[in-house]
Amino acid sequence: MTKIAIVYFSGFKGATEKLAESIAAGAKSVEGTVVKMIRTEEVDSYWQDLAEADAIIFGTPTYIGSIAAKFKEFIEKLAGEIWLERLWMNKIAGGFTVSAGRSGDKLSCLQQLVIFASQMGMIWVPMRITGGHYSSQGSEADLNRMAGYLGVMAQANIDEDTSLAPPASDLATAKLHGNHIANVARQFAIGRKESPAEYDKGVTNSSTNKIPATLPELLSD
Ligand SMILES: Cc1cc2nc3c(=O)[nH]c(=O)nc-3n(C[C@H](O)[C@H](O)[C@H](O)COP(=O)(O)O)c2cc1C
C-alpha cells in the first residue's frame with residue numbers, strides 16, 4: 001500500500017482545498033494508494049500519518065507573491081526533530097498553488113515549497129506534462145495552461161466561487177499530478193523495500209503519535 005498525505009492551507013475562498021481534492025482523486029486512481037487530506041490547522045492530530053507517508057504533497061494559495069503565512073507556520077513546526085533527525089528523508093514530495101492572477105507570482109511560492117522539501121531531504125516530483133496554452137491553437141481549457149513545471153499552478157478568478165474557479169482544466173491538471181506523484185511514490189516505495197540503502201535499514205516510520213519537538217523546544221532541554 002502506498003500512503004500519500006496532502007497537507008494544505010486554504011483560507012480565502014476554498015480554491016486550494018478544491019485543488020487538494022483533485023490531487024487526492026488523481027492519487028487514489030493509482031492501485032493500492034491511500035490518501036489522507038490534512039489541513040494545516042489540524043496537523044497536530046496527524047503527525048503519525050505524516051511519519052508513515054511515502055509521499056507528502058504540499059498545497060498553499062499564493063498570498064502576496066508567497067506562501068500563505070498559516071502554511072509557513074506548519075513548515076516551521078518541522079524545524080526540530082523532523083529536520084534534525086531526517087525523519088522525512090527520501091519521502092516523495094510535490095506541490096500546488098493557486099492565485100487570482102495568471103502569474104500572481106506563483107513561481108515564487110512553488111520555489112519555496114521545493115526549498116522546504118529539500119531542507120527535509122525529500123525528493124521533489126515536477127509536472128509530468130509540458131506546458132499548455134503555448135500557441136494560437138491553445139486555450140484556457142488546456143491542461144497545465146499556466147505552463148509551470150515545478151508543480152501545479154492554478155488560477156482562480158477573484159469574483160467566482162469554487163463552482164467556477166479554478167476551472168476544470170486546472171482541476172484536471174491537479175488530478176493528473178496527483179496520479180503522477182502516487183505512481184512515483186509507489187515505484188520508489190517498492191524499490192526502497194527491495195533494495196534498501198544502508199541508512200534505510202532500521203527505519204521503521206513508526207514514531208509515536210506525539211507532536212514533534214520544534215527547534216526551540218529541543219534547544220531549551
Ligand atoms: C492575503 C491575500 C493575498 C493575495 N495575494 C495574491 C497575489 O500575490 N497574487 C495573486 O494573483 N493573487 C493573490 N491573492 C488571491 C488568492 O491567491 C486567490 O484568491 C486564491 O484562489 C485563494 O486561495 P484560497 O481560497 O485557497 O485561500 C491573494 C489573496 C489574499 C487573501
Side-chain angles (χ1 to χ4, degrees), residues 1-63 67-78 82 87-88 91-99 106 109-110 112-114 116-117 120 122-125 127-128 150-154 156 161-163 165-168 170-186 188-189 205 207 209-212:
M1 190 188 292
T2 319
K3 296 182 177 179
I4 310 275
I6 302 171
V7 190
Y8 66 96
F9 171 76
S10 190
F12 183 36
K13 299 163 75 80
T16 312
E17 179 153 66
K18 185 102 181 177
L19 286 166
E21 285 162 4
S22 294
I23 295 261
K28 281 182 200 161
S29 68
V30 175
E31 192 193 330
T33 303
V34 289
V35 177
K36 185 72 75 177
M37 306 263 290
I38 304 171
R39 293 183 62 96
T40 50
E41 304 93 302
E42 295 164 2
V43 71
D44 284 344
S45 305
Y46 292 98
W47 292 110
Q48 184 66 32
D49 295 284
L50 291 169
E52 291 175 6
D54 296 295
I56 303 177
I57 307 174
F58 303 105
T60 170
T62 299
Y63 286 174
I67 59 163
K70 298 253 183 233
F71 187 85
K72 187 73 185 335
E73 260 176 39
F74 151 67
I75 291 292
E76 289 181 11
K77 291 182 179 182
L78 310 181
I82 290 175
L87 296 180
W88 288 8
K91 286 187 191 298
I92 299 297
F96 57 100
T97 190
V98 56
S99 74
K106 286 188 276 274
C109 199
L110 289 177
Q112 287 171 57
L113 296 183
V114 175
F116 302 149
M120 300 305 138
M122 301 171 83
I123 301 167
W124 188 264
V125 177
M127 300 292 285
R128 71 168 246 234
L150 284 185
V152 176
M153 286 185 172
D161 68 24
T162 51
S163 65
D170 289 354
L171 299 178
T173 304
K175 191 171 175 190
L176 193 72
H177 199 46
N179 171 279
H180 178 46
I181 293 173
N183 272 315
V184 172
R186 181 168 172 272
F188 189 80
N205 274 1
S207 63
N209 208 5
K210 66 181 172 58
I211 297 171

**Student:** Just list the side-chain donor-acceptor pairs under 3.5 Å for residues 177-186, sequence neighbours left out, or say none.
**Tutor:**
residue	atom	partner	partner atom	Å
Asn179	OD1	Asn183	ND2	3.1
Asn179	ND2	Ser29	OG	3.0
Asn183	ND2	Asn179	O	3.3

**Student:** List the steps and the verdict of side chain to side chain contact (heavy atoms under 4.5 Å, CB included) for Tyr63 and Phe12.
**Tutor:** CA-CA 10 Å; Tyr63 286 174; Phe12 183 36; 3.5 Å; yes
**Student:** At their closest point, which heavy atom of Ala117 faces which heavy atom of Phe58, and how far apart are they?
**Tutor:** CB-CE1, 4.4 Å
**Student:** Kindly compute the distance separating OG1 (Thr16) from OH (Tyr8), expressed to the nearest 0.5 Å.
**Tutor:** 9.5 Å
**Student:** Which distance, rounded to the nearest 0.5 Å, do you find between the CH2 of Trp124 and the CG of Leu110?
**Tutor:** 6.5 Å
**Student:** Quick one: CE on Met153 to OG1 on Thr173, what's the gap to the nearest 0.5 Å?
**Tutor:** 12.0 Å
**Student:** Under the side chain to side chain contact (heavy atoms under 4.5 Å, CB included) test, which residues partner Asp44, sequence neighbours left out?
**Tutor:** Trp47, Lys77, Ile211
**Student:** What's the separation between atom CD1 in Ile23 and atom NZ in Lys175, rounded to the nearest 0.5 Å?
**Tutor:** 12.0 Å
**Student:** Taking the side chain as every heavy atom from C-beta outward, state whether Phe116 and Ile67 have any pair of such atoms under 4.5 Å apart.
**Tutor:** yes
**Student:** Decide yes or no for Leu19 and Leu171: does some side-chain heavy atom of the first lie under 4.5 Å from some side-chain heavy atom of the second?
**Tutor:** yes
**Student:** Using the test side chain to side chain contact (heavy atoms under 4.5 Å, CB included), find all partners of Ala24 that sit at least two apart in sequence or belong to another chain.
**Tutor:** Ile6, Val35, Met37
**Student:** Dump the intermediate steps for side chain to side chain contact (heavy atoms under 4.5 Å, CB included) on Tyr46 and Val7, then the final yes or no.
**Tutor:** CA-CA 10 Å; Tyr46 292 98; Val7 190; over 6 Å; no
**Student:** Under 4.5 Å between any side-chain heavy atoms of Met120 and Ile82, yes or no?
**Tutor:** yes
**Student:** Name all residues meeting the side chain to side chain contact (heavy atoms under 4.5 Å, CB included) criterion together with Ser99; count only those two or more places apart in sequence or in a different chain, and write none if there are none.
**Tutor:** Thr62, Lys106
**Student:** Which atoms form the tightest heavy-atom contact between Asp49 and Lys36, and what is the distance?
**Tutor:** OD1-CE, 3.3 Å
**Student:** Hey, could you give me the OG1/CG distance between Thr97 and Leu150, rounded to the nearest 0.5 Å?
**Tutor:** 11.5 Å
**Student:** Taking all atoms of both residues into account, what is the closest heavy-atom pair of Leu113 and Gly95, and its distance?
**Tutor:** CD1-CA, 4.2 Å
**Student:** Determine the minimum heavy-atom distance between Ala174 and Val152, stating which atoms define it.
**Tutor:** CA-CG2, 3.9 Å
**Student:** With distance as the sole test, does Thr60 use its side chain to make a donor-acceptor pair with the main-chain N or O of Phe9 at under 3.5 Å?
**Tutor:** no
**Student:** Applying side chain to side chain contact (heavy atoms under 4.5 Å, CB included), name anything that partners Ala15, two or more places apart in sequence or on another chain.
**Tutor:** Val98, Ala156, Pro166
**Student:** Hey, is CD on Glu31 packed in by over 12 heavy atoms from elsewhere, all under 6.0 Å?
**Tutor:** no
**Student:** How long is the gap from CD1 on Ile123 to CZ on Phe188, to the nearest 0.5 Å?
**Tutor:** 3.5 Å
**Student:** Quick one: does Ile38's side chain get under 4.5 Å of Leu50's, heavy atoms only?
**Tutor:** yes
**Student:** Does anything in residues 9-30 form a salt bridge (charged side-chain N to carboxylate O under 4.0 Å, His left out)? List the pairs, not counting sequence neighbours.
**Tutor:** Glu17-Arg39
**Student:** Would you say Lys70's side chain and Ser10's backbone share a donor-acceptor pair under 3.5 angstrom?
**Tutor:** no
